[in-house]
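Note sheet for the following structure.
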There are 2 protein chains.
Amino acid sequence: MATIKDVAERAGVSVATVSRVLNTPDAVKERTRQQVLNAIDELQYSPNFLGRNLRMMETKRILVVLNTISNQFFSRVVRGIEERAREENYAVMICTTRGNQESLQGYVHMLKTRAVDGMILTTHEICDEAIFTLSKRFPVLCACEPVQDPRLTYVGIDDEKAGEDAVRFLLDHGKRRIALFGGGTYTYSSILRERGYRKALQEAGIPVEESLIFSEGLTFKAGVRAASRLMKEQTKLPDAIFAFSDSTAIGAMKELNNHGVEVPRDISVVGFDNTAVSEMFIPSITTVAQPQYTMGFTAMDLLIQKINGTADVSNQILSHEIIIRDSVK
Amino acid sequence: MATIKDVAERAGVSVATVSRVLNTPDAVKERTRQQVLNAIDELQYSPNFLGRNLRMMETKRILVVLNTISNQFFSRVVRGIEERAREENYAVMICTTRGNQESLQGYVHMLKTRAVDGMILTTHEICDEAIFTLSKRFPVLCACEPVQDPRLTYVGIDDEKAGEDAVRFLLDHGKRRIALFGGGTYTYSSILRERGYRKALQEAGIPVEESLIFSEGLTFKAGVRAASRLMKEQTKLPDAIFAFSDSTAIGAMKELNNHGVEVPRDISVVGFDNTAVSEMFIPSITTVAQPQYTMGFTAMDLLIQKINGTADVSNQILSHEIIIRDSVK
DNA sequence: TTGTAGGCGTTATCAT
DNA sequence: ATGATAACGCCTACAA
């Protein structure tokens, strides 16, 4: 492979000049530049970033850690990240953990070894404390999934408020007994949304029925399980289900449908995330939308600030919205 | 940031010894090793890969280029890739083009500049010829979306055969007028599948009705459009629809449903890809499954061979399968 | 078993 | 406007 030295020899100039042609073309005479460009062409030369990276101590690459790539929600987040990244000439690498602690450690290692300039975390296989320790030495940012530790930088929505709003929406539509299909205590977002759920009910003077709260998880299958349990355990169906993800909502609807319960005729359903499928499903699903694109864009923006060493980058809470469709009567 | 030199000084040894502790620990005396490890600990040292990469002329990273991350199909492909990659200590970077030529050029640039050791392409924003030129100099592999050029290495299914099998399945279920919802001529897989469609009909002695072939694309919206046109243009609905993606199938079903046409009562539908949603949908969708995980795993395996310079790595055609569900009567 | 020293390809600082 | 040269951090002959 041709190196800068080969090009220099071929063009009859020094390596410094070749470097200048590449990086500060205006600083070199037209005629010389042409010679160099010709040599580059003839040798099919592309600069080796490994050398450049070492010299500059930067890679112009950032890492986005996702739990899984198959989560529709994140595709739009990533789009936002990439958009902002492109503006500053960063390449975005997406890596997935699938809940695997170990692989996350591998990605953290990439940060420590300077394989990337910064990292956006959307999943918490490591605890806040570990993230904090890391973020003291490297540019790290949390997005989408809220964090408790105030020393971490976070970009996302106010989950408690979102939960509250969704329940209030159902209350406004005359629903009083509202089941909760959540993700359990290991996702902080679920904890916050449930807090909002309780608050809204309480303010409406409706006692919380603990037996209507299901924490099977946020997947399609979790929705199936929760709905199955709901039908088994409750003699009378509630008026509505508030699911913490669209997938869960769909799982629930599928299972209800299998037992002859029709949405929204017999029961109403609200999902979360406004993923593409919520619009496609029959019936289409009323859901709490998060500003995914903006979340990604903002996260990348803050990360860039961190990389550039801008003083105290602070949290950004973005607003959510209820998208009204056909699954609530 | 501490460097290997700092560690060496602190431990009272040479940098060579520190390097050995990191890379060939057995080659250094127990006591010395302990001293070095202590120093590493005290200084919170992590080796800088930028230096290592330059020296070794490798990054242990590979690039997977996807059109978009939001395609469910690829999540399992990526899982296969990652699995095989982990075995050989490669980090997998996922980058998306969203059909943007320019961003693909950027990723190609990463290959040329040694930012990654190899690349798996699943989308063809650049032509076969360009890929071939690239693959002469760098490890490049095509997966999932077939390529015409025999000089390229490809991992995937036999799309023509898959199209043929799907149509034959419908014929076996008594369907004779079968509409085609495909991706048009710009995706080679669509061309091949359509070829299979024609072949199966021809062999059954059924003339191909060109007016039943729609090429609106492979998205949900494309399915909506195609179904809309179908209902408008045909006085009598066909017996079945063969859609080249599950999303398209769902779009079609949604649109049909809006007009009171029920699947599978009034018309049967076959999808493609066996993505998660095909199981979730009501009714669940009969679809042509591709071995996504194996495709990814195999692709990475071949790429590793290419990186290691193994002589002639050759195409791998994997087998598809029809998953029977509720959308065909 | 350990140390010395050269070089990977690039950029940047001085000179000229 | 251009050239010589010293880093950047690491690995690895080769020597000791």
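Chain letters run A, B, ... following the sequence lines, proteins first, then strands; residues in each count from 1.
B/T17 comes within contact range of the sugar-phosphate backbone alone, with a heavy-atom separation under 4.0 Å but no base atom that close. In this structure, A/L50 reaches neither bases nor backbone, as no heavy-atom distance under 4.0 Å exists between it and the strands shown. Residue contacts shown for B/L54 include a base, since a base heavy atom lies under 4.0 Å away.
Listed nucleotides C/dG3, D/dT2, D/dG3 differ in distance to B/V13; the shortest reach to its side chain belongs to C/dG3.
The base of D/dG3 sits with one of its N or O atoms less than 3.5 Å from a complementary donor or acceptor on the side chain of A/R20. Within 3.5 Å, a donor on the side chain of B/R55 pairs with an acceptor on the base of D/dC11, or the reverse.
Atom OH of A/Y45 is separated from atom P of C/dG9 by 10 Å (rounded to the nearest Å). As rounded to whole Å, 22 Å separates atom P of D/dC8 from atom CE of B/M56. The CD-P distance, from A/Q34 to D/dA1, rounds to 16 Å in whole Å. Rounded to an integer number of Å, the gap from A/L43 CG to C/dG9 C1' is 15 Å. When the P atom of D/dG9 is taken as reference, atom CD of B/E9 falls 13 Å away, rounded to whole Å. With rounding to whole Å, A/K60 atom NZ is found 17 Å from C/dT10 atom C1'. In this entry the distance linking NZ of A/K5 with C1' of D/dT5 reads 13 Å, nearest Å. What separates CD1 of A/I40 from P of C/dG9 is a distance of 16 Å, to the nearest Å.
Of the side-chain N and O atoms in B/R52, one or more sit less than 4.0 angstrom from OP1 or OP2 of D/dC11. Look at B/N23 and you'll find a side-chain N or O under 4.0 angstrom from OP1 or OP2 of D/dC11.
A salt bridge does not link A/R86 to A/E82: none of the charged side-chain nitrogens sits closer than 4.0 Å to a carboxylate oxygen.
Residues B/K112 and B/F138 are in side-chain contact: their nearest non-hydrogen atoms beyond the backbone lie under 4.5 Å apart.
The distance between the ring centers of A/H124 and A/Y188 does not fall below 6.0 angstrom.
Ranked by how close their nearest DNA chain C nucleotide is to the 5' end, B/S14 and B/M57 are led by B/S14. Comparing A/R33 and A/V15 against DNA chain D, the residue whose closest nucleotide sits nearer the 5' end is A/R33.
Taking the ring axis of A/F132 as reference, the NZ or CZ atom of A/R151 stays within 45° of it and closer than 6.0 Å to the ring centre.
Between the side chains of B/T122 and B/E145, no donor-acceptor pair is found at a separation under 3.5 Å.
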